[in-house]
Amino acid sequence: MCFTNYVDNPIIGEKMSMVPDALGYNTWTGPEFIPFFQQRARMTFDGLYGKEVENLSIESYRVCWDASTPTHDFLITPHPHCEGLYVATGGSFHGWKFLPVIGDYIVDMLHGVLGADYAARWAWDKKGGDGHSANPTYQVVGDLQQWI
């Protein structure tokens, strides 16, 4: 599931969705994890494996943090306001499977030869919106602050 974590960012003085500082949200943890996430993990586990796992307990939990963009596309682009700064991030929680090939596109962007269609789709300041979603499976379901 996809969620935000809006907290005050002391550097910019505004709320921003960020990874929590507390280690319990970034490392494997035991059964004391957030009850809401325990329930969701159990529901997913049972949904995937059915009766085969009904007597098995989940011994540890971990939140996997990833960056998501409004269209779930990557950001593979020069930063528009900082010359020499390039960004390769974003996506929709399934970018890990692209690791074997995404580097070629990043190198193309760094050399200024990324195809125009990819450059437009992965741009920092993408123009307009055609309703496209690279991965509509993961929609934001809430904010971490409402469950802790």
Side-chain angles (χ1 to χ4, degrees), residues 1-82 85-107 109-110 114 117-148:
M1 68 185 235
C2 175
F3 56 90
T4 56
N5 183 45
Y6 278 97
V7 294
D8 291 322
N9 181 326
I11 295 170
I12 63 172
E14 296 178 18
K15 283 198 177 286
M16 181 178 196
S17 185
M18 302 186 305
V19 175
D21 291 333
L23 288 179
Y25 299 107
N26 303 310
T27 58
W28 287 100
T29 185
E32 70 282 353
F33 206 56
I34 301 168
F36 176 78
F37 290 134
Q38 288 178 311
Q39 294 163 1
R40 292 295 295 250
R42 184 80 235 179
M43 184 176 69
T44 301
F45 194 54
D46 292 345
L48 289 171
Y49 301 107
K51 294 206 178 276
E52 291 181 40
V53 297
E54 66 186 356
N55 294 320
L56 295 178
S57 63
I58 300 173
E59 296 178 3
S60 59
Y61 300 86
R62 183 170 189 262
V63 174
C64 247
W65 296 96
D66 195 358
S68 183
T69 62
T71 63
H72 297 144
D73 287 303
F74 297 115
L75 287 178
I76 299 176
T77 182
H79 191 285
H81 305 295
C82 298
L85 176 61
Y86 300 90
V87 178
T89 189
S92 63
F93 305 100
H94 67 124
W96 56 270
K97 67 185 177 189
F98 294 106
L99 288 176
V101 297
I102 199 75
D104 290 337
Y105 295 103
I106 295 169
V107 169
M109 180 266 302
L110 290 169
L114 182 63
D117 53 338
Y118 289 123
R121 181 154 314 271
W122 297 339
W124 179 279
D125 57 353
K126 187 184 320 197
K127 303 294 186 242
D130 60 3
H132 161 84
S133 179
N135 184 5
T137 309
Y138 292 107
Q139 299 301 324
V140 173
V141 297
D143 190 86
L144 177 64
Q145 297 304 307
Q146 72 193 59
W147 299 310
I148 58 175

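These figures come from a predicted structure and were not determined experimentally.
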What is the minimum heavy-atom distance between A88 and I106, and which atoms define it? CB-CD1, 3.6 Å
side-chain contact (heavy atoms from CB on, under 4.5 Å), that's the test. Do I76 and Y118 meet it? Break it down for me. CA-CA 9 Å; I76 299 176; Y118 289 123; over 6 Å; no
Looking only at heavy atoms, the pair that brings T77 and W122 closest together is CB-O, 3.6 Å
Quick one: pull up CZ in R40 and CH2 in W147 and give me the separation to the nearest 0.5 Å. 7.5 Å
One thing to verify: whether D46 and R42 come together as a salt bridge, which I'm taking to mean a side-chain N less than 4.0 angstrom from a carboxylate O. yes
A quick test of your reading: do over 12 heavy atoms of other residues, nucleotides or ligands sit less than 6.0 Å from CD1 of I11? no
Residue pairs passing the salt bridge (Lys or Arg N to Asp or Glu O under 4.0 Å) test with at least one member in residues 11-26, sequence neighbours excluded, are D8-K15
Heavy atoms of other groups near M18 CE, more than 12 under 6.0 Å: yes
Can you tell me if CD on E52 sees more than 12 non-hydrogen neighbours from other groups inside 6.0 Å? no
Check whether the ring centres of F37 and Y61 lie less than 6.0 Å apart, and answer yes or no. no
Search all heavy atoms of L114 against all heavy atoms of Y105 and return the closest pair with its distance. CD1-O, 3.7 Å
Rounded to the nearest 0.5 Å, what's the gap from OG1 on T44 to CD on Q39? Could you check? 11.5 Å
Any F3 side-chain heavy atom under 4.5 Å of L144 side chain: yes
Shortest non-hydrogen separation from Q145 to N5 and the atoms involved: NE2-OD1, 2.6 Å
So how far is it from L56 CG to F45 CZ, rounded to the nearest 0.5 Å? 5.5 Å
